[in-house]
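One structure is given below, encoded as structure tokens.
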Amino acid sequence: MDQRKMGSSSATKSYVLPSFSSGPAMDALKRNKSTGSSMVGRDRHKGALVVCFGELLIDFVPTVAGVSLAEAEGFKKAPGGAPANVAVGISRLGGSAAFVGKVGDDEFGHMLANILKENDVDNSGMRFDNHARTALAFVTLRSDGERQFMFYRHPSADMLLTEADLDQDLIKKAAIFHYGSISLIEEPCRSAHLAAMQIAKKGGSILSYDPNLRLALWPSPEAARKGIMSIWDQADLIKISEEEIEFLTGGDNPYDDNVVLTKLFLPNLKLLIVTEGPDGCRYYTKDFHGKVGGVKVKCVDTTGAGDAFVGGFLCSLASNLQLLKDEKKLREALKFGNICGALTVTSRGAIPSLPTKEAVLKKWKEIEP
């Protein structure tokens, strides 16, 4: 395993958690210290609340892989939307999660709200718009399980979330506030997103960012790059993919640590995670960086894999906010996330494929009896 120490003066300093002198993140950290919870996968109390902000939609996934949308004879309807996927993933693993966003006041919107409720996700932060429909996405599966998207949102309800719609009390309860970049594309949702981040930050939350690049939704690649990077310096932890590194850096080698460290690891960051699909992930902190290997499975559909990884990692972090400064515990949490992602690709759809804690622990034991 690559566990090289960073070649800088910071490598000799003790790692310091975000300076949350008060708020839910600090309260959760104090609870962790008093209960001694630390081990990934060990039975413990529910972790601190993770609030996920953004889009919730319906994915239509072809029943047969390797065909175009026009050639597909049928589609499987599946709930999706990256932040909602993460919320369900956390809850299914035994964590505590809530979702903040807007859907249409239509059958799909109410179905999605019920799905969150059925998965024990707090949906009190959801809003319903009677002037716009719930977003739809048709997802083409190539023969290798990778995807292409066609979105129907012109505009969809999630784009119309306003600052006035925000459940500020719920956001303030978040130990971790998680979000993507799709909600930055259009107003009024962009302003609502920025306001929600400020509410969470002032409340003492750890800010977690997964850009989740969907170029088809942005006006141009330049707008996408600018929009994604516009809030880069505010997050405490960021998860990105190899493809996103290449896009954000203008084509630089995504496997080069120097590229990541000089162009993407800004001073605000406590942790940057680079996912590599079946090959696992890399991690970067101020004091150390390395790689955690992936889990080999038969891939059917990669939809939701990254969200499952994020859900698994944030569930572990919410249960032990100290793991960011402990490389061994951090690696355990990343391995837990890798297994979550691997299990998700073994069936179609995002939310329907997210694993339970029992399934993850079973796979963990198979890897390390």
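On a predicted model such as this, the values are computed, not experimentally measured, just so you know. FYI, side chains are in, hydrogens and waters are out, and symmetry mates aren't considered; it's all heavy atoms of this structure. Along the sequence shown, residues carry numbers from 1.
Using modelled atom types, one finds no donor on one side chain facing an acceptor on the other under 3.5 Å when comparing Asn119 with Ser91. In summary, the side chains of Ser353 and Thr344 do not present any donor paired with an acceptor at a separation below 3.5 Å, with no hydrogens or angles considered. Looking only at atom types and distance, the side chain of Asp307 has a donor-acceptor partner in the side chain of Asn85 under 3.5 Å away. Neither side chain, Asp287 nor Thr285, offers a donor N or O lying under 3.5 Å from an acceptor on the other. Between the side chains of Tyr209 and Asp236, not a single donor N or O lies within less than 3.5 Å of an accepting N or O.
Inter-residue side-chain proximity for Leu116 and Leu56 is flagged as met; some heavy-atom pair is nearer than 4.5 Å. Residues Lys329 and Asn320 form a side-chain contact, since some pair of their non-hydrogen atoms from C-beta on lies under 4.5 Å apart. With contacts defined as side-chain heavy-atom distances shorter than 4.5 Å, the pair Asp279/Lys296 qualifies. Within the 4.5 Å cutoff, no side-chain heavy atoms of Asp326 are placed close to those of Gln322.
Counting non-hydrogen atoms of other residues, nucleotides and ligands closer than 6.0 Å to CZ of Arg225 gives a total above 12. Heavy-atom neighbours of Glu186 CD from other residues, nucleotides or ligands within 6.0 Å: at or below the threshold of 12.
Between Phe309 and Phe313, the angle of the ring planes stays under 30°, which puts this pair in the parallel group of the 30/60° scheme.
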**OP:** Show the numbers, then the answer: is there a side-chain contact (heavy atoms from CB on, under 4.5 Å) between Met126 and Val100?
**Re:** CA-CA 5 Å; Met126 286 186 67; Val100 173; over 6 Å; no

List the atom pairs, donor and acceptor, that lie under 3.5 Å between side-chain atoms in residues 187-200 and the rest of the protein, sequence neighbours left out.
from, atom 1, to, atom 2, distance (Å)
Glu187, OE1, Ser191, N, 3.2
Glu187, OE1, Ser191, OG, 2.8
Glu187, OE2, Ser191, OG, 3.0
His193, ND1, Ser183, OG, 2.6
Gln198, NE2, Gln234, OE1, 3.2

I'd like a table of donor-acceptor pairs (distance under 3.5 Å, sequence neighbours excluded) in which one partner is a side-chain atom from residues 150-157, with atom names and distances.
from, atom 1, to, atom 2, distance (Å)
Arg153, NH2, Asp158, OD2, 2.6
Ser156, OG, Asp158, OD1, 2.5

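For the pair Arg331 and Tyr283, the cation does not sit on the ring face, since its NZ or CZ is not both under 6.0 Å from the ring centre and inside 45° of the axis.
Nearest heavy atom pair, residue Cys315 against residue Leu93, reads SG-CB, 3.9 Å.
Pairs of residues two or more places apart, or lying in two chains, that qualify as salt bridge (Lys or Arg N to Asp or Glu O under 4.0 Å) and include a residue from residues 239-251 are Asp210-Lys239. The list of ring pair (Phe, Tyr, Trp, His ring centres under 6.0 Å) pairs with a residue in residues 88-116, not counting sequence neighbours, reads His110-Phe128. Applying the salt bridge (Lys or Arg N to Asp or Glu O under 4.0 Å) test to residues at least two apart or on different chains, the pairs with a partner in residues 84-103 are Lys102-Asp129, Lys102-Asp165. Each ring pair (Phe, Tyr, Trp, His ring centres under 6.0 Å) pair with one or both residues in residues 61-96, not counting sequence neighbours, appears once here: Phe75-Phe138.
Here the options are Val260, Ile228, Ile273, Leu272, the test is side-chain contact (heavy atoms from CB on, under 4.5 Å), and the partner is Ile240; only Leu272 passes.
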